[in-house]
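Remarks on the structure that follows.
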Amino acid sequence: MKKPGRIHPNRQVLAFILMVFLSQVRLEPIRYSVLEETESGSFVAHLTKDLGLGIGELAARSAGVVSDDDKQRLQLDRQTGDLLLREKLDQEELCGPIEPCVLHFQVFLEMPVQFFQGELLIQDINDHSPVFPEREVLLKIPENSQPGTLFPLLIAEDLDVGSNGLQKYTISPNSHFHILTRNHSEGKKYPDLVQDKPLDREEQPEFSLTLVALDGGSPPRSGTVMVRILIMDINDNAPEFVHTPYGVQVLENSPLDSPIATDGGGLSGKGTVVIEVVDVNDNPPELIISSLTSSIPENAPETVVSIFRIRDRDSGENGKTICSIPDNLPFVLKPTLKNFYTLVTGRPLDRETRAEYNITITVTDLGTPRLKTQQSITVQVSDVNDNAPTFTQTSYTLFVRENNSPALHIGSVSATDRDSGTNAQVTYLLLPPQDPHLPLASLVSINADNGHLFALRSLDYEALQEFEFRVGATDRGSPALSSEALVRVLVLDANDNSPFVLHPLQNGSAPCTELVPRAAEPGYLVTKVVAVDGDSGQNAWLSYQLLKATEPGLFGVWAHYGEVRTARLLSERDAAKHRLVVLVKDNGEPPRSATATLHVLLVDGFSQPYLPLPEAALAQARADSLTIYLVVALASVSSLFLLSVLLFVAVRLCRRSRAASVGRCSVPEGPFPGHQVGVSGTETLSQSYQYEVCLTGDSGTGEFKFLKPIFPNLLVQDTGREVKENPNFRNSFVFS
């Protein structure tokens with residue numbers, strides 16, 4: 001059982017909603033009037049002025065007019081603010097006998113939602129005459145009827161109301177009867193025939209009179225019916241009504257011709273019967289939609305979806321209704337006046353969350369049993385460009401192998417837009433690079449429709465290893481929204497560069513001859529082949545191997561370091577001059593290679609392979625990337641050294657009496673002094689041999705020439721062959 005004094009929650013909600021939304025409704029209606037049958041399109045009122053609105057506000061706020069009727073009988077010109085008739089209005093059709101005839105309407109505006117109540121009074125014109133239901137009436141009166149007796153007659157109907165309606169009845173002149181016009185409790189007028197004097201059947205058995213019904217129009221309209229009166233013989237036992245009027249209740253759905261109040265005899269009597277029709281709940285509620293918006297833009301503020309009217313043709317509790325919609329929808333049902341309801345959005349809608357709503361409006365009456373009506377409304381949420389395109393990744397890394405063909409598809413970027421239609425169509429573009437020196441326009445291009453990226457030219461890893469740029473995605477909405485992503489392109493190295501030998505010098509340069517003492521131990525470092533590769537990674541991993549040798553097995557090359565070393569002990573049997581070809585190979589696929597050619601000279605008594613001469617030392621100093629001060633210092637030292645050597649040679653030449661001319665070679669007697677340096681610069685020359693030093697007059701070239709020993713018949717110990725002067729040795733002992 002409910003607790004005493006507790007209000008039902010539904011009623012609290014309804015009361016709250018009604019209180020809130022009545023604040024948005026103008027309670028005092030605006031009233032206008034118009035004559036019925038006025039032509040359609042006729043001017044009724046200027047709403048902009050009457051409602052106190054600004055010029056153009058009706059159009060800006062999507063104003064509309066709905067009538068308290070099944071049809072839209074009024075129209076609103078939003079531009080001018082004029083309220084016009086959509087069609088002719090017939091007072092009798094709209095209201096029947098009800099007076100005054102008022103057409104209720106509402107003016108609604110959006111942003112914000114606002115309502116104005118209106119009333120249009122339909123003024124009646126006298127366009128209908130009184131009409132009797134029958135053309136002739138037969139009335140039987142006994143001859144002993146007394147003067148003053150009343151006989152009810154047929155009532156005429158006039159569809160007009162007020163002064164234009166039925167006003168009185170008259171009857172054609174005669175000596176026995178007259179008409180009395182009486183008012184009914186419901187306002188209708190009905191005629192009674194009044195007997196003026198006694199009747200005599202033998203004198204006049206029948207009367208024919210004309211009953212006339214008149215309205216109050218100007219000029220008045222009338223209707224007639226013929227009344228035939230038959231004078232009947234006397235019957236002493238005529239029926240009498242005990243009570244008049246009688247009250248009888250008849251169900252509204254009673255079949256036609258059902259008996260109500262009868263007498264079994266042949267005579268009749270007159271009495272007033274009031275019939276009250278008792279309502280039963282046999283009519284379900286009706287929902288009449290006056291305005292419907294099937295598409296609503298997302299993110300819009302409170303927007304009117306539909307305006308409708310509820311009607312139940314039953315009465316009492318059977319005619320009371322409750323209107324509701326599901327609770328889980330972002331819509332609100334607002335009751336207004338005169339059984340009008342407005343369905344509005346409860347909050348801004350998001351199309352990306354939900355693009356369509358099916359709203360079921362349920363109307364239930366309070367009768368027994370309860371009847372209900374349901375109406376479904378479909379609302380589409382139209383798209384607004386409120387979402388920028390979104391890339392599938394914030395950054396993209398693309399790999400391109402160098403030496404690619406132009407117009408190569410190197411990758412793609414992709415962006416999606418949660419909007420729909422034109423608002424979701426994405427256009428891709430390259431954004432200006434942050435590095436002004438990056439020639440982006442000549443490197444890559446992008447397909448504006450699908451985001452495919454293309455390399456415009458062949459890329460060279462050795463010139464450009466990687467570069468970055470930004471791409472943008474713009475939708476085609478209004479206003480257009482955009483986003484961007486970072487693209488990083490990594491150029492992959494291809495094995496397109498062969499190893500380049502830095503030492504010993506190649507490519508037509510004077511061959512470098514390395515001197516190796518015959519007393520060198522196995523593993524003695526002869527020289528180191530130095531090479532580089534312009535590629536990277538495994539393409540630049542170099543390996544070395546001895547490709548050709550004058551005497552295989554005498555020398556070896558370390559595979560990873562390029563060091564040329566002796567493989568075994570040297571002997572006098574080994575040839576003095578050797579030519580080695582070293583293969584330098586990278587680790588690419590396919591591998592690329594280069595060769596380095598070097599000459600090796602086996603000598604006796606030398607432990608270092610180089611004897612630097614002044615000119616060569618100066619050339620090496622010039623090639624160094626030292627500062628100018630170091631170059632000057634080295635040049636000075638070299639000059640002093642050269643001067644000392646020249647002075648030494650000049651002194652020695654002057655002492656020799658057999659010197660014939662400048663440029664002739666002299667052979668000093670006896671061994672070299674112990675303090676003289678050898679070829680390596682660290683050891684003294686062997687005292688078993690004498691060497692001839694020749695300096696030519698050309699200062700640009702210097703040569704250290706091996707001469708045969710002072711013992712002309714000395715043979716090589718191991719081979720038994722005489723060591724002869726080899727003209728190929730000329731210029732072979734140079735500074736490396």
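For the single chain, residues carry numbers from 1 onward in sequence order.
Note: F331 and Y357 have perpendicular aromatic rings, judged against thresholds of 30 and 60 degrees for the angle between ring planes. The aromatic rings of H578 and F555 sit perpendicular, their planes meeting at an angle over 60°, well past the 30° parallel limit.
In this structure, S414 OG and H452 NE2 are separated by 9.5 Å, a value rounded to the nearest 0.5 Å. Taken to the nearest 0.5 Å, the CG atom of N403 stands 11.5 Å off from the CG atom of L492. Taking CZ of R457 as the reference point, atom OG of S405 lies at 14.0 Å (rounded to 0.5 Å). In this structure, CG on D493 lies 8.0 Å from CG on D533, to the nearest 0.5 angstrom. Rounding to the nearest 0.5 Å gives a distance of 8.0 Å between CD of E352 and CG of D417. Put simply, CG on L343 and CD1 on I361 are 5.5 Å apart, with the number rounded to the nearest 0.5 Å.
Nearest heavy atoms, P504 versus V529: CD-CG2, 4.3 Å. Contact record, Q434 with R470: NE2-NE, 3.9 Å, taken as the closest heavy-atom pair. Taking both residues in full, the closest heavy atoms of V384 and P297 are given as CG2-CB, 4.1 Å, listed atom of the first, atom of the second, then distance. Residue A531 comes nearest to V584 through the heavy atom pair CB-CG1, 3.8 Å, listed as atom of the first residue, atom of the second, then distance. Contact detail for R565 and W558: the closest heavy-atom pair is CD-NE1, 3.6 Å. Taking every heavy atom of both residues into account, Q72 and V66 meet most closely at OE1-CA, 3.6 Å.
Judged by distance alone, with hydrogens and angles left aside, the side-chain atoms of T550 form a donor-acceptor pair with the main-chain N or O of R579 at under 3.5 Å. Not a single donor-acceptor pair under 3.5 Å links the side chain of N587 to the backbone N or O of W541. A donor-acceptor pair under 3.5 Å links the side-chain atoms of R351 to the main chain of R418, judged by distance alone. Between the side chain of T566 and the main chain of E521, a donor-acceptor pair closer than 3.5 Å is present. Proximity of a side-chain donor or acceptor of Q75 to a complementary backbone N or O of R86 within less than 3.5 Å is not detected. Between the S395 side chain and the V487 main chain, no donor and acceptor come within less than 3.5 Å of each other. A donor-acceptor distance shorter than 3.5 angstrom exists from the side chain of T303 to the backbone of P301, with no hydrogens or angles considered. A donor-acceptor pair is defined here as one N or O able to donate and one able to accept, closer than 3.5 Å; no such pair exists between the side chain of R78 and the backbone of A59. Between the D475 side chain and the L481 main chain, a donor and an acceptor come within less than 3.5 Å of each other. A donor-acceptor pair under 3.5 Å links the side-chain atoms of S382 to the main chain of I296, judged by distance alone.
Looking at L486 and E468, their side chains come closer than 4.5 Å, going by heavy atoms from C-beta outward. You'll find the side chain of E298 reaches within 4.5 Å of the side chain of D350, heavy atoms only. With contacts defined as side-chain heavy-atom distances shorter than 4.5 Å, the pair V491/Q465 does not qualify. Using a 4.5 Å cut-off on side-chain heavy atoms (C-beta onward), E589 and Q538 make no contact. Between L580 and V526 there is no side-chain heavy-atom pair separated by less than 4.5 Å. Residues F469 and V489 are in side-chain contact: their nearest non-hydrogen atoms beyond the backbone lie under 4.5 Å apart. Using a 4.5 Å heavy-atom threshold, the side chains of L453 and L430 count as touching. Put simply, the side chain of S294 does not reach to within 4.5 Å of the side chain of Q380, judged on heavy atoms.
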* To do: Report the C-alpha separation of N387 and D419 in whole Å, then their side-chain angles, then the decisive distance to 0.1 Å, and conclude whether the side-chain hydrogen bond (donor to acceptor under 3.5 Å, both in side chains) test is met.
  => CA-CA 6 Å; N387 290 280; D419 296 320; 3.0 Å; yes

* To do: Please test L443 against L459 for side-chain contact (heavy atoms from CB on, under 4.5 Å), starting from the C-alpha separation and ending with a verdict.
  => CA-CA 8 Å; L443 291 176; L459 301 178; 4.0 Å; yes

* Let me see the working for H46 and D82 under side-chain contact (heavy atoms from CB on, under 4.5 Å), right down to the final yes or no. => CA-CA 5 Å; H46 188 65; D82 292 339; 2.8 Å; yes

* Let me see the working for V304 and T293 under side-chain contact (heavy atoms from CB on, under 4.5 Å), right down to the final yes or no. => CA-CA 7 Å; V304 175; T293 302; 5.8 Å; no

* Asked: Could you walk me through whether V471 and Y428 pass the side-chain contact (heavy atoms from CB on, under 4.5 Å) check?
  -> CA-CA 7 Å; V471 294; Y428 300 92; over 6 Å; no

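Remark: D327 CG is loosely packed, at most 12 non-hydrogen atoms of other residues, nucleotides or ligands lying under 6.0 Å away. Within a 6.0 Å sphere centred on NE2 of H409, other residues, nucleotides and ligands contribute more than 12 heavy atoms. Heavy-atom contacts from other residues, nucleotides or ligands closer than 6.0 Å to CG of L292 number more than 12. More than 12 heavy atoms of other residues, nucleotides or ligands lie within 6.0 Å of CZ in R568, so this atom counts as buried by the packing criterion. By the 6.0 Å contact criterion, CD on E356 is enclosed, its count of non-hydrogen atoms from other residues, nucleotides or ligands being greater than 12.
Partners of Q374 by side chain to side chain donor-acceptor pair (under 3.5 Å), not counting sequence neighbours, listed by chain and number: T362.
Using a 4.0 Å cut-off between a side-chain N of Lys or Arg and a carboxylate O of Asp or Glu, D535 and R401 do not qualify as a salt bridge.
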